[in-house]
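Working notes, structure below.
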Amino acid sequence: MAAHLSYGRVNLNVLREAVRRELREFLDKCAGSKAIVWDEYLTGPFGLIAQYSLLKEHEVEKMFTLKGSRLPAADVKNIIFFVRPRLELMDIIAENVLSEDKRGPARDFHILFVPRRSLLCEQRLKDLGVLGSFIHREEYSLDLIPFDGDLLSMESEGAFKECYLEDQTSLYHAAKGLMTLQALYGTIPQIFGKGECARQVANMMIRMKREFTGSQNSIFPVFDNLLLLDRNVDLLTPLATQLTYEGLIDEIYGIQNSYVKLPPEKFVPKKQGDGGKDLPTEAKKLQLNSAEELYAEIRDKNFNAVGSVLSKKAKVISAAFEERHNAKTVGEIKQFVSQLPHMQAARGSLANHTSIAELIKDVTTSEDFFDKLTVEQEFMSGIDTDKVNSYIEDCIAQKHPLIKVLRLVCLQSVCNSGLKQKVLDYYKREILQTYGYEHILTLYNLEKAGLLKPQTGGRNNYPTIRKTLRLWMDDVNEQNPTDISYVYSGYAPLSVRLAQLLSRPGWRSIEEVLRMLPGPHFEERQPLPTGLQKKRQPGENRVTLIFFLGGVTFAEIAALRFLSQLEDGGTEYVIATTKLMNGASWIESLMEKPF
Amino acid sequence: MDCYTANWNPLGDSAFYRKYELYSMDWDLKEELRDCLVAAAPYGGPIALLRNPWRKEKAASVRPVLEIYSASGLPLASLLWKSGPVVSLGWSAEEELLCVQEDGGVLVYGLHGDFRRHFSMGNEVLQNRVLDARIFHTEFGSGVAILTGAHRFTLSANVSDLKLRRMPEVPGLQGAPSCWTALCQDRVAHILLAVGPDLYLLDQSACSAVTPSGLAPGVSSFLQMAVSFTYRHLALFTDTGYIWMGTASLKEKLCEFNCNIRAPPKQMVWCSRPRSKERAVVVAWERRLMVVGDAPESIQFVLDEDSYLVPELDGVRIFSRSTHEFLHEVPVASEEIFKIASMAPGALLLEAQKEYEKESQKADEYLREIQELGQLTQAVQQCIEAAGHEHRPDMQKSLLRAASFGKCFLDRFPPDSFVRMCQDLRVLNAIRDYHIGIPLTYSQYKQLTIQVLLDRLVLRRLYPLAIQICEYLRLPEVQGVSRILAHWACYKVQQKDVSDEDVARAINQKLGDTPGVSYSDIAARAYGCGRTELAIKLLEYEPRSGEQVPLLLKMKRSKLALSKAIESGDTDLVFTVLLHLKNELNRGDFFMTLRNQPMALSLYRQFCKHQELETLKDLYNQDDNHQELGSFHIRASYAAEERIEGRVAALQTAADAFYKAKNEFAAKATEDQMRLLRLQRRLEDELGGRFLDLSLHDTVTTLILGGHNKRAEQLARDFRIPDKRLWWLKLTALADLEDWEELEKFSKSKKSPIGYLPFVEICMKQHNKYEAKKYASRVGPEQKVKALLLVGDVAQAADVAIEHRNEAELSLVLSHCTGATDGATADKIQRARAQAQKK
């Protein structure tokens, strides 16, 4: 079912099974037929843990979306609310329960808080007079959800905004998630970190470990170290347009919980010649993960290297189908037939990705995409970052999407360690006049998050950082990359560079640059009992869990996978994050619309 | 050793009973046992005595003393009884003493005479008084059954979860029953009572008459009844001196006996061991003790003193003023080994080992004999088992030595049974010690489990011994040592004569970071004893904030709770404290508290943002956070205000705030917005249509689209829209209108600040090639090629590119050359390239 989770160095199926078990146990507590009322945001992440069939096995007969007034009629014994602990949701639940009480036969109500029970919410339910109606009130610690063999995400929408603008609830969840992970995969002996949030998460972990002293963890550690990285240490990377295959799919169509919705026209079987009479109107939905062999091969490649792989694959597959002519004996035919399902799947997969690649190519070859990329790359390589950029001006004048404009302005600001006050005010004024005054709130949010700021002290640190960390590589090889910079065709993501330098030669070599980046950097050790200390075999790679607090992009993931695969890399990475994101979804999460 | 079986008494052909001394009692009883209410807890538990002055009508002036002793007679507690007359005493399964008063009140005391709680058996009991009461044990806990003065029964099957049940009336019952008992069948408690020659079974709903199967005729009254330890068997003693023994359901008779003594016995209890086929009851009269079973003869003992019987799982304890004895059926293993002339393998092995010690060759003969029969394993097992049933350490040792000796001759004998027995015996000998006084047998110990035994040691405050046992048995810390230490600490906090500092330090020294110790539990106990300061000190050691915080709140240390909650990072916990604080403090103090806790403050702001907007404003005001205050009013201008005047006023407040925040830009922008809003309102009034909440850019566009060019110009000037953007704006709007004439006029109004390529592009977007071409010629040289290609003039584009000698332009044109039509042009470019390369 989820075999792709166990392909990696660390078997993440263990985690998936653990959370599935927990879910089953909860469902079995509520004996009899059930209906689940979903907080809609949870359905996506839950889909990665348990399909409907699992719920059905445990007598879940109906599923509804949580909304006001009455619940739809359902002839079930139990009604279970699956919700995030949010006050506004409690109000809706209370409304549901109260109107249900009037309806007739008594039901058993239960509530499952994801990922944590909240006293605040229970108090609200109590104030609304319905707390007593719930038989089971439990929590389901679904913090980190396995997305792929080397990828975990909390899919917590507002994590970045929460951490840097509001409160730090998501950091607490992150720490809890790491504790769960350690309970399953052993105590992680070394913790490195950079950034204020990283420091806090590490503190909480150490504190929580002290709380659990009773249960000595006797699992042999799978991870050698943990690297906690604040997103605000590297605000630059997500702003740039990702140029890997998966990154571009996400940039253009948006990947949600490993699914992407694509325009359907390209996916119509070509043979039917009846002239587009009934073109499908519903978007084509595809799941994207490494369970699909072809996708696993191309997802992390620079898009410019994808075409050749696809055409090579096409040749191999058609050659394989041609084999049938050579199959003479019954045995040979039988063997051919037995391979047929696999070959057909491969052909289907190839057709899909060829279509997607065509769709993407239409975008990437457009003039505007080229112009935008040129400006981005100029900024990242440090050209003309200190004055008003005419492309951005034109974008505003032509009312290009606001997110695109903000992304570029922020990129310029970050690459210049802040903009000159005059330049900044000019951009802000242009944006307010063109897109509306109300965006003053969004601009303020971006300033608070440090994405957009006036240059203070008159010093631009970015060139030093760029040079020391070799963030801009002129000689990038997109086809057969030798450096992580291939994921942005020239720009090496700062966050991944930090990870790379940590594993070799160590951060001591870049102390000066680390001090220029925000927040403290630190190292903590979690002592292990002697029996659990690892004796590394020569040539055995270390496993590092790298946790991005505030989100990570697919291009960064690709870069880390590239490092994992290096022959002499010495380190394999498992990636965890609060949210899988891209520049657009990131900026959007920081936008505020007062009406 | 020949005399070892001297105290064995045969009962019938197959069983022996023996009685041996556990302790010689150390108590110095002032009273005769017969003058006291006596209660002894099973499993070697404590003994409670209360002189019963209420029995004799007169002597009520002297207050009686309630005394509690260990099984060895060591005094544990002594207190003056100040409450009402007591009818019955009994011990609960948790070794709490239940004292049933005449008025139906039940007082509960701890082992050390500490008062725990009290409960009542109900109004009906209160009115009719208690005539008799029994404390009984069920699988749920301990129950109390009451016979009232109205000859009705009330019972509760579990005193820790008190549910009173009034049993149905027995028809025609005039006086008190001659005897009665509580029974437990199918997890329900019943009452069996005897009235004259009849027996009745009371359950919750009905009263039914029952007859014991095979009861001898001629019975006119039952004098005594006894239920076995496990409620499986029942014995009845009749006025004819006849004893009926059978199942508790009365449906099956096991045996009967006629003792020919018609005097009512003082006590009758069962004496049987688990998994044994033998059934026997022990009947006690004033000076006589009789063991009767399925045999024509009984075993008789003379009682020198007034004695009391305590039924146990596997026998009967008998104590008097001077001694404490145990009477039981000799276990099979012991019988096999010690029976006179026994040839059982265990017996031979014991002999062999003895001979071996005497260095006699007979040892070998015995050993050979066992081995020839292939019974050595069995012999070792027998010796191990028998050792367990021996009370005297020397006997245990000699049996274990024999087992150990036999083991040497076995290849593969799993050692654990031997090792475990040695360990168990060590534990048993330790607790049987006179000073501890818990005379458990091996079977009782196994039934009770080590966990419960540890609990009982803790109850007796025997912490060091309990810890030694845990360490000796290597129990996991959480179940063993830490649990005991936690109990010790809970006891320690009750020592009021020691200062808070000393107690806290002593506790932390002993407990340290021992896993599984809950400091908050100990602190809760300290708080319960009224020692808040100590509780706070102890909470400092608690690593789990989730545990610290609620207790701190309960103790009204909210501010401390807040900082603990913040330390934990658990925002929900912080919220909980915040809401608590909010109710507890006045607003000013609450805000001040927040001010010192940035994390709490930001959390509370979040809360207010969604729940209490006005409070949010106050918070910003208090902090002089003008920037946020400005944002707050901006939001209000959109969300809270409908009328334009209100909106402008809100914006004015925002602008003022921004000035205070020294955010000139935001202030100016806000003032611009106010102007724009007023203007939009006017436009709507004058021109109709929708203008409100459009951006400035869109307002101007709308004006142009509506043909109000003058006003558009004016607006652009008023708000100083940069020229470049204004050109883009006009260009786009005019093209949307397809007003080509106006567009051309506009293009000629002055030199375009954005060049002429956008004109070409926008015309092509509207598919107007004709208009596009007009502008293509005006495009500057560097964009000329692009413009020409846009309008589809490939040939001319090629010429310009060749003229520019620009490689990039050349390939751009080349990529636009399609098929045959542009063949010539393509060739031309190739030639130009070749030429360029030659140079």
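Note: hydrogens, waters and symmetry copies are ignored here, and every other heavy atom, side chains too, is used. Being a predicted model, the structure only gives us computed values, none of them experimental.
With hydrogens and angles disregarded, no donor-acceptor distance shorter than 3.5 Å links the side chain of Glu567(B) to the backbone of Met204(A).
A salt bridge links Arg725(B) to Glu430(A): at least one charged side-chain nitrogen sits closer than 4.0 Å to a carboxylate oxygen.
His610(B) contributes atom NE2, which lies 9.0 Å from atom CG of Leu87(A) (distance to the nearest 0.5 angstrom).
Only the side chain of Glu367(A) has a heavy atom closer than 4.5 Å to any heavy atom of chain B. Using a 4.5 Å cut-off between heavy atoms, Asp672(B) contacts chain A through its side chain alone, with no backbone atom that close. Within the 4.5 angstrom heavy-atom criterion, atoms from both the backbone and the side chain of Ser631(B) approach chain A. Heavy atoms of Glu547(B) lying under 4.5 Å from chain A are absent altogether.
Contact check for Leu677(B) versus Tyr437(A): no side-chain heavy atoms found under the 4.5 Å cut-off. Considering only heavy atoms from C-beta on, Gln123(A) stays 4.5 Å or farther from His580(B) through its side chain.
Contact tally against chain A (heavy-atom pairs below 4.5 Å) for Leu729(B), Thr732(B), Asp698(B), Thr699(B): the top residue is Asp698(B). Of the listed residues Lys724(B), Lys609(B), Gln627(B), the one with more heavy-atom pairs under 4.5 angstrom with chain A than any other is Gln627(B).
Side-chain atoms of Arg207(A) and Ser568(B) include no donor-acceptor pair closer than 3.5 Å.
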